[in-house]
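First the structure, in the form of C-alpha cells, and then the observations on it.
Throughout, protein chains are lettered first and strands after them, A, B, ... in sequence-line order, and every chain is numbered starting at 1.
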There are 2 protein chains.
Amino acid sequence: MNASPTPMPGRPVRGSTTGRSLMAALDLFGRRWTLRIIWELGNEPLGFRLLQRRCDGMSSSVLQQRLRELQEARLAEVLRDGNYTLTPLGHDARESLGPVIEWSRRWAAELADAPSTAAEGAATASATGSDSGPRAGHLRFLARNHRTGDHGP
Amino acid sequence: MNASPTPMPGRPVRGSTTGRSLMAALDLFGRRWTLRIIWELGNEPLGFRLLQRRCDGMSSSVLQQRLRELQEARLAEVLRDGNYTLTPLGHDARESLGPVIEWSRRWAAELADAPSTAAEGAATASATGSDSGPRAGHLRFLARNHRTGDHGP
DNA sequence: AAGGGGTGCTTCGAATTCCGAAGCACTGCC
DNA sequence: GGCAGTGCTTCGGAATTCGAAGCACCCCTT
C-alpha cells in the first residue's frame with residue numbers, strides 16, 4: 001500500500017507548508033485508527049495480533065502502516081520481546097487525550113438528554129440518509145468485535 | 001460522494017458495536033480534517049468559503065460533509081447570518097483539545113532536540129520512502145496556503 | 001443592461017487511503 | 001507430521017478524499 005509521509009513537525013503536512021507542530025499533530029491524529037492505537041498501547045505493551053484484536057480486528061496492513069508512522073514520529077517503539085509500546089512522548093500524548101475522553105462522556109450525556117433532536121436541524125437530510133444503515137462491509141467488520149468489554153477508564 | 005454514518009455515541013461505530021462514547025469520539029476525530037475544523041471554528045464563527053481558506057483550501061465537498069457531520073453530532077451549528085460556529089458542546093470539545101495542543105509543542109521540541117534520529121530505527125525504510133517528497137498533488141495543494149500566519153495560541 | 005467578484009454549496013471523475021482476504025515464514029506444542 | 005499461534009506482506013476492491021468545474025445567487029461597477 002502507499003505510504004504518504006508521516007506528519008511531523010517541521011515537515012510540510014496537510015494544513016501547513018511550514019510543518020507547524022499543531023497542524024502536524026492534527027494531521028497525524030486525523031488518520032484513521034491513530035488515536036485508537038495510541039489509546040490501546042497506553043494500557044500495556046502489546047504484540048501485533050493482540051493489538052489488532054484490541055482495535056477490533058482492524059486491517060493488518062493499516063495497523064502496520066500506522067505503527068510505522070508512530071515509530072517514525074517517536075510516539076511508539078518496539079520492545080526486545082517484540083511488543084509495541086508507547087514512548088514517554090507517546091504516553092504524554094495519551095495523557096493529553098484525557099480531557100478529550102472526559103469530553104466524550106459529556107457528549108454522550110448531552111445527546112442522551114435530547115436523543116430525538118440529535119438528528120434534526122440543518123443536517124436532517126444527511127442524517128436520514130446515514131440512518132439507512134452501515135454498509136454490509138461495516139456490519140461484517142463490527143461483528144468481529146472479540147471483546148465483550150472495552151478497555152478504558 | 002458517499003455519506004458514511006456520522007459517528008455518535010450509541011450508534012455502531014468503527015471500533016465499537018455498542019457505540020461507546022469514547023470510540024465514537026475517536027472515530028469522529030479520526031476523520032480527515034475534523035479536528036482542524038473544530039480548531040478553526042473555535043476562534044470565531046466563519047462562513048463556508050472563509051472556513052475553507054482557513055483550512056488551507058481543503059476540498060469543499062469534504063468540508064461540506066464534515067460540517068454536516070459536526071452539526072448532526074451537535075458540535076456545530078449555523079447562525080442566522082449563515083456563519084458556522086461551534087455549539088457549547090463543540091467549544092467544550094475544543095477546550096478538551098488544549099492539552100493535545102500543548103503536547104504538540106513538546107513533540108516538536110523533542111524532535112528538534114534529536115532531529116537526525118527521528119527517521120532512524122524500525123521505521124527507517126518507511127521514512128526513507130516518505131522522504132522522497134510529497135506527491136505533486138500535495139505540493140500544488142500546499143502552495144495554495146493563503147495565510148502567512150497560522151491562527152492559534 | 002453586462003461584467004466581475006464574491007457567496008454557499010453540488011457534482012463528478014480521479015487520486016488516495018483504507019480494507020480484508022490470502023499468503024508467507026517462523027515458532028511452539030501435541 | 002499437523003495445528004495453532006506469531007509477525008508481517010501482498011493485492012485487488014471498497015471507501016474516502018480530492019480538486020476542478022459548475023450552478024444559483026448577491027452586490028457593485030461600468
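When the C1' atom of C:dG6 is taken as reference, atom CG of B:Asn83 falls 14 Å away, rounded to whole Å. When the C1' atom of C:dG20 is taken as reference, atom CZ of A:Arg32 falls 15 Å away, rounded to whole Å. For the pair B:Asp27 CG and C:dC18 P, the computed distance is 12 Å after rounding to whole Å. Across the protein-nucleic acid pair, B:Gln52 atom CD and D:dA21 atom C1' stand 13 Å apart, rounded to whole Å. In this entry the distance linking CG of B:Leu79 with C1' of C:dG8 reads 15 Å, nearest Å. If you take CZ of B:Phe48 and P of D:dC23, they are 18 Å apart, rounded to a whole angstrom. Between the P atom of C:dC18 and the CD atom of A:Gln65 lies a distance of 8 Å, rounded to the nearest Å. Separating the CE atom of B:Met58 from the C1' atom of C:dT16 is a distance of 15 Å, rounded to the nearest angstrom.
When each of A:Leu46 and A:Gly30 is assigned the nucleotide of DNA chain D bearing its nearest heavy atom, the one mapping closer to the 5' terminus is A:Leu46. Mapping A:Gln64 and B:Arg49 onto DNA chain D by nearest heavy atom places A:Gln64 closer to the 5' end of the strand.
We find that B:Arg36 and A:Asp27 are not joined by a salt bridge, their nearest charged nitrogen and carboxylate oxygen being 4.0 Å or further apart.
Using a distance-only test at 3.5 Å, with no hydrogens or angles considered, no donor-acceptor pair links the side chain of B:Ser21 to the main chain of A:Ala108. A donor-acceptor contact shorter than 3.5 Å links the side chain of A:Arg94 to the backbone of A:Trp39. Of the possible donor and acceptor atoms, none in the side chain of A:Gln71 sits under 3.5 Å from a partner among the backbone N and O of A:Ala76. At distances below 3.5 Å, not a single donor-acceptor pair connects side-chain atoms of B:Trp107 with backbone N or O atoms of A:Ala93.
For C:dG20, the base has a donor-acceptor partner in the side chain of A:Ser61 [N/O atoms by modelled type, under 3.5 angstrom].
Checked against D:dA21, D:dT9, C:dC18, the side chain of A:Arg31 finds its nearest nucleotide in C:dC18.
For the pair B:Arg53 and C:dG8, the criterion of a side-chain N or O lying under 4.0 Å from OP1 or OP2 is not met. When the side-chain nitrogen and oxygen atoms of B:Arg66 are compared with OP1 and OP2 of C:dC9, none of them lie within a distance under 4.0 Å. For the OP1/OP2 pair of D:dC8 and a distance below 4.0 Å, the side-chain nitrogens and oxygens of A:Tyr84 include at least one atom meeting the criterion.
Contacts of A:Gly47 with the nucleic acid, taken as non-hydrogen atoms under 4.0 Å apart, involve only primed sugar atoms and P, OP1 or OP2.
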